[in-house]
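First the proteins, then the strands, lettered A, B, ... as listed; each starts at 1. Excluded from the calculations below are hydrogen atoms, water molecules and symmetry mates; all remaining heavy atoms, backbone and side chain alike, are included.
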Protein chains: 2
Amino acid sequence: MQLEVKSKTWLEADGKFIMGEHGIALLDAIDELGSIQHAARRVGWSYRRAWGYLKTMQRHAGVPILVISHGGTAGGGTRLTPQARKLLREYKRLQKTLRATIRQKSRLLFSY
Amino acid sequence: MQLEVKSKTWLEADGKFIMGEHGIALLDAIDELGSIQHAARRVGWSYRRAWGYLKTMQRHAGVPILVISHGGTAGGGTRLTPQARKLLREYKRLQKTLRATIRQKSRLLFSY
DNA sequence: TACCGATATGTTTATACATGCATATCGAGG
DNA sequence: CCTCGATATGCATGTATAAACATATCGGTA
């Protein structure tokens with residue numbers, strides 16, 4: 001029997017949800033693709049869902065996350081602010097540390 | 001603005017949920033009170049809810065968790081197996097470590 | 001100034017999951 | 001063998017969340 005410890009982490013500001021691991025993946029995709037539309041497809045979300053997620057993220061986070069533009073040949077697009085990029089970087093680093101800690105410390109739980 | 005990292009941890013066996021932090025509290029209460037009924041009240045759950053939770057826990061966990069008895073002046077009762085006690089102990093130790101890690105490592109995220 | 005592709009948003013439908021209610025069962029002790 | 005308090009479980013209902021649908025808006029560019 002495979003016993004394992006699972007975990008989730010997310011970010012809150014003043015007790016309100018900002019983003020979780022799916023949000024991280026979405027922002028990563030936006031950073032790469034320059035568009036909410038394309039990023040949503042990439043992570044398997046509908047545009048509607050991604051948009052709603054980002055909306056509450058923006059509302060709850062104090063710092064600006066997205067730089068949105070309209071028009072042009074591409075029809076518009078979305079980029080990340082430098083603060084958002086830094087947040088992503090640090091958050092992923094923390095996740096990595098936590099995963100390692102769990103892997104390392106959960107050995108005792110498996111001795112059955 | 002108070003930015004903070006939140007986390008949840010839980011136990012799975014072969015991909016199936018066994019217990020989370022509420023389950024830990026429930027088992028703790030059972031260990032102390034010797035009864036599902038009383039433990040449920042203690043943690044603010046209905047007996048129905050606690051029973052359903054424990055049922056799937058037992059079904060998914062390979063090791064025996066509960067020792068249940070019927071009858072007697074007390075009407076019956078429930079105790080934990082030694083393995084369950086050990087599991088609780090180790091799991092809580094892991095949670096403590098993780099909380100400390102998050103507190104320590106999330107400082108960088110707050111520099112805005 | 002018309003077009004196009006992306007952003008913006010309300011409304012509805014589906015669904016999973018929690019909660020509450022009612023009731024059956026168990027068995028040591030008196 | 002009856003009682004009592006705890007365990008056991010079906011079922012109906014409520015609720016919160018997600019998926020689907022429809023439609024409006026924006027503004028650089030050709």
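Mapping A/Gly75 and A/Gly52 onto DNA chain C by nearest heavy atom places A/Gly75 closer to the 5' end of the strand. Of the residues near DNA chain D, B/Ile68 and B/Gly72, the one whose nearest nucleotide (by heavy atom distance) lies more toward the 5' end is B/Gly72. Comparing B/Trp51 and A/Gly71 against DNA chain D, the residue whose closest nucleotide sits nearer the 5' end is B/Trp51.
Applying the 4.0 Å criterion to OP1 and OP2 of C/dT9, one finds that A/Lys55 has a side-chain N or O inside that range. For A/His38, a side-chain nitrogen or oxygen approaches OP1 or OP2 of C/dA6 to under 4.0 Å. Residue A/Ser46 has no polar side-chain atom (N or O) positioned under 4.0 Å from OP1 or OP2 of D/dA20.
By the 6.0 Å and 45° rule, A/Arg48 does not stack over the aromatic ring of A/Trp51.
In this entry the distance linking OH of A/Tyr47 with C1' of C/dG5 reads 11 Å, nearest Å. As rounded to whole Å, 16 Å separates atom C1' of D/dT7 from atom CG of B/Leu33.
Across D/dA8, D/dG10, C/dA6, the shortest atom-to-atom separation from the side chain of B/Arg48 is found for D/dG10. Between D/dA8, C/dG29, C/dA8, one nucleotide has an atom nearer to the side chain of B/Thr73 than all others, and that is C/dG29.
Using a 4.0 Å cut-off between charged nitrogen and carboxylate oxygen, A/Asp31 and A/Arg79 do not count as a salt-bridge pair.
As judged by a 4.0 angstrom heavy-atom cut-off over every strand, B/Gly76 is placed among residues touching the sugar-phosphate backbone only. Across all strands, A/Arg49 comes closer than 4.0 Å only to sugar-phosphate atoms, never to a base (heavy-atom distances). Residue contacts for A/Ser35: at a heavy-atom cut-off of 4.0 Å it reaches the sugar-phosphate backbone alone, with no base atom in range.
Side chain to side chain, A/Ser106 and B/Tyr91 fail the donor-acceptor criterion of an N or O pair below 3.5 Å.
Other residues, nucleotides and ligands contribute more than 12 heavy atoms inside 6.0 Å of the NZ atom of A/Lys16.
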